[in-house]
Amino acid sequence: MKILGIETSCDETAAAVVESAGRRRLKLLSNVVASSVDLHAAFGGVVPEIAARSHIESILPVIDQALIDAFAENSKKTKLVPNSQLLIPQSDDLWSQIDAIAVTQGPGLISSLLIGVLTARTLAIAKQKPLYAINHVHAHPYACFITETGLNFKNQNSNFKLVEKAPQFPCLALIVSGGHTQLVLFESHKKYRLLGQTTDDAVGEAYDKVAKMLGFPYPGGPFIDQISRKGDSKKYKLPKAKLETPYEFSFSGLKTAVLRLAQKVSGHDYTFPSTGLPEALSEAQKADIAASFQRTAIETLVEALKEADEEFQPKSIVIAGGVAANQELRKQASKKLSTAVTFPDIKLCTDNAAMVATLGYFKAKTGEKPADPYSLDVDPSLKM
Ligand code: KG4
Ligand code: ZN
């Protein structure tokens, strides 16, 4: 079974194909991501209008490329017309190999989601394929179920560090991204329980806001991750939010504490504007503040995971989403948790369609009813 995944929930236009490769094995045949992140950097965050326009420009070429990358061996005659805005006419033999389409229905930006969902609906009708609606947050951990890559990836020398064995149930998943911080206990592909989530900012959002205070470009997570290696993470003590249950999170207080700390370290009081901080702080001060913030944020996540690990004794732990690319999180989680932890390849931590195709594969495999391609609607605040 081969599934085409389509993802357009935020600023990445992505398409990918996955294929079953035997018991508990799944092969990634292609993974195409066109990001509009550079266009948003100047604004310090994602501009929905710009993201939607970029999706419109990229969606068809990205899907074409995903099909070509996946099946080029069988379709040597197929060539992608540069800058083509139309699906390639020779694509029928490629489409005949696809068994189903999976598309992100939500959560995300409405104008971005619409492009992916309307494209997928049209293709599902035109190519007569079943269509599966995917929850983006649910899909993130599924990047860990991909065990190998197809032949073409080897030809392209694309290195993916994939899991040797797919995670086992019960599986504890920490999903950490720019929009979400959730701890979920999966009993099976279909049965899962949300143990807790953030009550305010997502951890990735806190990374991005702290990065902005320190004058780093958007998205700030990777910069904080890098610069923290040069700083002293024990230099400053920052508060950790205490909530009613151990599995709920709050990062907005930490963000404010970092602002107050940065103002103080720069020699000013709380009235000093955050926009002046990048100039007022030295590189060494920024590195110490970034490292102290990162240690506190990551310890908070790992402490919650440790508690859930002890309470629920899962067979596997998965950490996924953009923040799962973080080196400190990878280090602390691997050191402090007794159950083996799996992370997706770095390229599959941030938004991609491979995770969408993979969840679609399991939906198809477990007999879930496909969506109606004539009526599937986007849901910007879709819950798990
Ligand atoms: O999963 P993702 O691509 O998009 C959402 O679904 O939100 O996650 C993007 C988030 C951004 O907040 C970005 O700053 C963060 O992931 N991120 C990181 C790292 N790489 C990306 N945060 C910390 N360390 C990183 N290395
Ligand atoms: Zn995401």
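Numbers for residues simply follow the sequence, beginning at 1. Numbering of ligands and ligand atoms starts at 1, following listing order.
Protein heavy atom nearest atom 20 (N) of ligand 1, with residue, atom name and distance: G322 O, 3.4 Å. When only non-hydrogen protein atoms are considered, atom 26 (N) of ligand 1 lies nearest to D225 OD2, 2.9 Å. The protein heavy atom nearest to atom 23 (C) of ligand 1 is N326 ND2, 3.5 Å.
The G221 neighbourhood of ligand 1 comprises atoms 14 (O), 18 (C), 19 (C), 22 (N), 23 (C), 24 (N), 25 (C), with distances under 4.0 Å to a heavy atom of that residue. Below 4.0 Å from some heavy atom of G204 lie the following atoms of ligand 1, by number and element: 12 (O). Applying the 4.0 Å criterion to heavy atoms of H136 picks out, from ligand 1, the atoms 6 (O). Ligand 1 places these atoms under 4.0 Å from at least one heavy atom of G179: 7 (O). Residue T350 has at least one heavy-atom neighbour below 4.0 Å for each of these atoms of ligand 1: 3 (O). In the vicinity of G178, heavy-atom distances shorter than 4.0 Å reach the ligand 1 atoms 5 (C), 7 (O), 8 (O), 9 (C), 10 (C), 12 (O).
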Step-by-step side-chain contact (heavy atoms from CB on, under 4.5 Å) determination, H55 to E12: CA-CA 8 Å; H55 287 309; E12 265 94 24; 5.7 Å; no
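Between K209 and E205 there is a salt bridge, with a side-chain nitrogen of the basic residue lying less than 4.0 Å from a carboxylate oxygen of the acidic one. Between K129 and D99, none of the side-chain N atoms (NZ, or NE/NH1/NH2) sits under 4.0 Å from a carboxylate O, so this pair counts as no salt bridge. The existence of a salt bridge linking E187 and R193 is excluded, since no basic side-chain nitrogen approaches an acidic carboxylate oxygen closer than 4.0 Å. K234 and D232 are not joined by a salt bridge, as no carboxylate oxygen comes within less than 4.0 angstrom of a charged side-chain nitrogen. One finds no salt bridge joining E303 and K336 here, because no Lys/Arg side-chain nitrogen approaches an Asp/Glu carboxylate oxygen to under 4.0 Å. A salt bridge does not link D379 with K383: every distance from a Lys NZ or Arg NE/NH1/NH2 to an Asp or Glu carboxylate oxygen is 4.0 Å or more.
With a cut-off of 2.8 Å, the Zn ion (ligand 2) has an N, O or S atom of H136 in range. Residue contacts to the Zn ion (ligand 2): H180 brings no N, O or S atom closer than 2.8 Å.
For the pair K315 and F169, the cation-pi test (distance below 6.0 Å, angle within 45°) is failed.
For the pair C10 and ligand 1, no heavy-atom separation below 4.0 Å is found. At least one heavy atom of H140 lies less than 4.0 angstrom from ligand 1.
Within 6.0 Å of atom CZ in R330, more than 12 heavy atoms from other residues, nucleotides or ligands are found, so the atom counts as buried in its surroundings.
Evaluated by nearest non-hydrogen atom to atom 14 (O) of ligand 1, the leading choice among V210, D208, D351 is D208.
D351 contributes atom OD1 as its closest N/O/S atom to the Zn ion (ligand 2).
For F249 and H180, the ring centers are positioned 6.0 Å apart or more.
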